[in-house]
Amino acid sequence: MDMKKSLPLALVFVFVFVFVVYCFDPALSASVTYDNRALVIGGKRRVLQSGSIHYPRSTPEVWPELIRKSKDGGLDVIETYVFWNYHEPVRGEYYFEGRFDLVKFVKTVQEAGLLVHLRIGPYACAEWNYGGFPLWLHFIPGIQFRTTNDLFKQEMLRFLTKIVGLMKEEKLFATQGGPIILAQVENEYELVEWAYGVAGGLYVKWAAEAAISLNTTVPWVMCRQEDAPDPIINTCNGFYCDQFTPNSPLKPKMWTENYSGWFKSFGYPIPHRPVEDLAFAVARFFETGGTFQNYYMYFGGTNFGRTAGGPLVATSYDYDAPIDEYGFIRQPKWGHLRDLHLAIKLCEEYLISSDPTHQQLGHNLEAHIYYKPSNECAAFLANYDSEQDATVTYNGASYFLPAWSVSILPDCKNVVFNTAKVVSQRNFAYTTTDDKLALSATSWSWYIEKPGVWGSNSFTESRLLEQINTTKDTSDYLWYTRSININPRQPKEAFLFIESLGHAALVFVNKKLVAFGYGNHDDASFSIFEKISLVEGDNTLDILSMMVGLQNFGPWFDVQGAGVFSVVLVDPWHNKYDVSSEEWTYQVGLEGEYLGLDEVIQANSSLWTKGNILPINNSLIWYKVSFYAPQGKGPLALNLTTMGKGQAWVNGQSIGRYWPAYLSPPDGCTENCDYRGEYDSTKCQQSCGQPAQTLYHVPRSWVHPGENLLVLHEELGGDPTQISVLTRTGQEICSIVSEDDLPPADSWIRNKGFRSQSPEAQLTCEQGWHITSINFASFGSPQGNCGSFKAGTCHANILSMVKKACIGEEQCSIPVSAANLGDPCPDVLKTIAIEAICSE
């Protein structure tokens, strides 16, 4: 053979070989299917832990850190919605930049080695403005949302096609070597399907067919949708999903929304879900056949700008998640769930090998056992009684089960985790800098809005207009203005009765504030009944109606209205004068918005007033000040406790709506919440009688060295001179572990058991911080709680030992045993308690 002639052919073979290996290497691309037990990725069944992170609720600069902490917490998958209204703010004009760079987010997840569940919807709910729908959709003549309406279906399919096409172009589906293993169409439609009659069922069928037609090459799901047609997987959403069964024996049991807490609303207490209950729910799900579970949320983040849904959803979307709004790990929630994930992962080969075998162990006591063909097994032992602890006999051995708990035995013998026994560290406080924005009131500038119509683009109508159709959500504000003429024979005093669909309103008579009314998250409507004084001749009535997020949930939510719908004057003799259908003048938005006072380019404008006496506690006033950001790399927070209600901007970026003047009811909270028994969002509430939110997140990437600009629009009245900017500089952590607690789950090895039989007190600082101080350390019978420990009657002073092991370290571990720590009281069960400080 002529070697010179054969060389090009050899190179072709090499190229083809490399191409085939690269394109079809299972490590780079993988098929995704499913069977009755689990998702099947690359031909292998998988048990998957997932967590929701919504890319626009943080910034690209922190995405890698959030995803790293998620992976370290034992997650395999990141789940996110796609937000149509911000990706297509104008029909046909798309936006995928900054916080809305969906491709970058998905690739960031992939770079961390995690998978993605992309919930395209395009209806999201998510406590997001208008449920994620763009408002221009509402104004297409003849359209009806989420039903068999051709106009809506055309638009929905067009957006689904856009997103699927974009993912394909970037090769982001798993079969292309990307991380996306699942896609979702629609969202919780079952909850409202009844309202759409026969058309609702037809719409579900159409949505499924539309999704399948896009050929994503990965499975589609419909969450909370019992009538999801094959091959769409119907999944569960809720606080508990152990009793959920898919609508086909050929589909796996999946949980797409396990609520790690709940969202905040202005005027409501702060929700809190104990980690013992959350872990119990997860363990029960996998115990009873589940193989995919997602925390909603794993990181909640922030509703920047006007993205919060409604009505009255707060700016913070913290959700009591394992990673808090600012990106810090929330303990013990994060750590206890990490240990749970480790324990479940130890059982994975058994969970994917068989359906569970049930065994009743007593009243409200049961076991589920998973067998491999070799007859080896893993078991879950459950006590689902909400009050009574129990000792059960299983497989010839005795096991103690606290009430409302599950123990996991990866070899059907040894317990490696119990959901009620929390040994993870606790973060009980943060150290912060707290700097006043300005040293004196003279540093501030202001601009006072005048009540009523302010521009030439006002207009008149002989009726009261619905607000959303009038403003088109270009602003939270709509002015309703009219003149009231009082002749000499008419009384000068009257009662003003105003009814509104929501969400809040300021009322001015003759340019003076006379009333403020508002609704709440569950019922945004409200009425105002106020005695007013009038003068002979013309009087002005100005009503500023204010939105606090468009409705995002419910049947026909897209046509639910807002704004004033009735105005009646009642004289002293109870005669009523209904002026609702008389002539009204309207102005969309505020003058300050029109002037761009929130923008950096207006910072030095002559529109601003500056003087020695700063107006405080004024309604409808804009404030401006320059400030220096605290040193460091971490996120910032503005303390707006002394303000009323309004919006805030830092360097032109909106940090959202604030409303610290709206206090929650004084009752309904409990100091010591019992995690046992079924949880709902009203159980274990905190901060009754206080605002839902006083601290407002400012991402570090939004500030810069030197002067930064803060602008506020205050609607009710407040004192901006007391505003401060905070950043976390350290954390106070503690660990409480007993001798009878379990050793770390990650120290268990199959067929060998635990590497050490001793439990451990583990302390870990946030990345970049180190343990700088040990404030308390005792082994024996310490008394009190984190932050207030004191030595008990049985006490071994182990302070110097703990300092030696931990000071200067990012993390440390102390084995908990008398052999290691000494025995101050033999034959007594002892506990270690440590308090430490982490800082730079």
Side-chain angles (χ1 to χ4, degrees), residues 239-240 259-281 300 314 316 318-322 324-326 328-337 385-389 402-405 418-432 520-522 639 641 660-695 731-738 741 775-776 778 781-792 831 833-836:
F239 290 112
Y240 307 94
Y259 307 121
S260 58
W262 202 244
F263 60 89
K264 297 178 182 178
S265 298
F266 291 124
Y268 283 58
I270 297 174
H272 167 65
R273 188 178 188 186
V275 69
E276 296 93 335
D277 176 70
L278 181 56
F280 172 77
S316 170
D318 180 86
Y319 226 89
D320 196 30
D324 74 15
E325 179 184 3
Y326 297 87
F328 292 94
I329 288 173
R330 172 174 277 118
Q331 296 282 29
K333 186 167 278 189
W334 183 92
H336 193 53
L337 296 177
D385 195 286
S386 61
E387 296 180 358
Q388 299 298 319
D389 298 341
W404 207 251
S405 79
N418 178 271
T419 59
K421 292 190 173 185
V422 180
V423 297
S424 300
Q425 75 176 46
R426 290 152 168 83
N427 298 351
F428 63 94
Y430 283 94
T431 55
T432 63
N520 59 56
H521 173 70
D522 292 303
N639 187 337
T641 304
Y662 197 169
L663 305 183
S664 65
D667 302 318
C669 293
T670 177
E671 187 172 337
N672 296 306
C673 176
D674 187 349
Y675 69 85
R676 300 175 302 175
E678 288 200 0
Y679 177 83
D680 63 51
S681 61
T682 62
K683 182 181 179 182
C684 302
Q685 294 181 132
Q686 300 173 340
S687 301
C688 285
Q690 300 178 41
Q693 184 177 358
T694 57
L695 299 180
Q731 59 185 153
E732 297 178 52
I733 62 178
C734 75
S735 181
I736 314 165
V737 181
S738 175
D741 282 326
N775 293 346
F776 180 88
S778 174
S781 57
Q783 304 297 305
N785 299 303
C786 293
S788 60
F789 280 126
K790 60 182 180 180
T831 296
I834 305 172
E835 289 179 3

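Atoms considered below: every heavy atom in the structure, side chains included; atoms not considered: hydrogens, waters and symmetry mates.
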Does the side chain of [X] reach to within under 4.5 Å of the side chain of [Y], using non-hydrogen atoms?
X      : Y      : answer
Pro691 : Leu663 : yes
Lys683 : Phe239 : no
Ile733 : Gln331 : no
Tyr326 : Leu695 : yes
Ser687 : Ser664 : no
Pro665 : Cys688 : no
Cys786 : Ile736 : yes

No-hydrogen, no-angle side-chain donor-acceptor test under 3.5 Å, Glu325 and Ser316: yes
Are Trp262 and Tyr679 an aromatic pair by the rule of ring centers under 6.0 Å? no
Exam field: side chain Glu835 to backbone Asn775, donor-acceptor pair closer than 3.5 Å: no
Quick one: does any side-chain atom of Gln783 pair with a main-chain N or O of Ser781 as donor and acceptor, under 3.5 Å? yes
Shortest non-hydrogen contact from [X] toward [Y]:
X      : Y      : value
Gln685 : Gly668 : NE2-O, 3.3 Å
Ser260 : Ala321 : OG-CA, 3.7 Å
Ala403 : Tyr675 : O-OH, 3.6 Å
Phe263 : Tyr319 : N-CE1, 3.5 Å

Sort and list the pairs that fulfil salt bridge (charged side-chain N to carboxylate O under 4.0 Å, His left out) and have at least one residue in residues 662-675, not counting sequence neighbours. Asp674-Arg676
Give me each pair satisfying salt bridge (charged side-chain N to carboxylate O under 4.0 Å, His left out) with a member in residues 261-274, each pair once, sequence neighbours excluded. Arg273-Asp277
Check the pair Tyr240, Glu678 against side chain to side chain contact (heavy atoms under 4.5 Å, CB included), reporting the backbone distance first and the verdict last. CA-CA 9 Å; Tyr240 307 94; Glu678 288 200 0; 4.1 Å; yes
The criterion is ring pair (Phe, Tyr, Trp, His ring centres under 6.0 Å); which residues satisfy it with Tyr662, sequence neighbours excluded? Tyr518, Trp659
Listed partners of Phe280 passing ring pair (Phe, Tyr, Trp, His ring centres under 6.0 Å), at least two apart: Trp404
Exactly one of Asp320, Thr419, Leu337 should register a side chain to side chain contact (heavy atoms under 4.5 Å, CB included) with Val275. Which one does? Leu337
Name all residues meeting the side chain to side chain donor-acceptor pair (under 3.5 Å) criterion together with Ser738; count only those two or more places apart in sequence or in a different chain, and write none if there are none. Asp740
Mind checking what makes side chain to side chain donor-acceptor pair (under 3.5 Å) contact with Ser405, not counting sequence neighbours? Asn418
Between NZ on residue Lys333 and CD on residue Glu276, distance to nearest 0.5 Å: 9.5 Å
Which distance, rounded to the nearest 0.5 Å, do you find between the CZ of Phe789 and the SG of Cys734? 5.0 Å
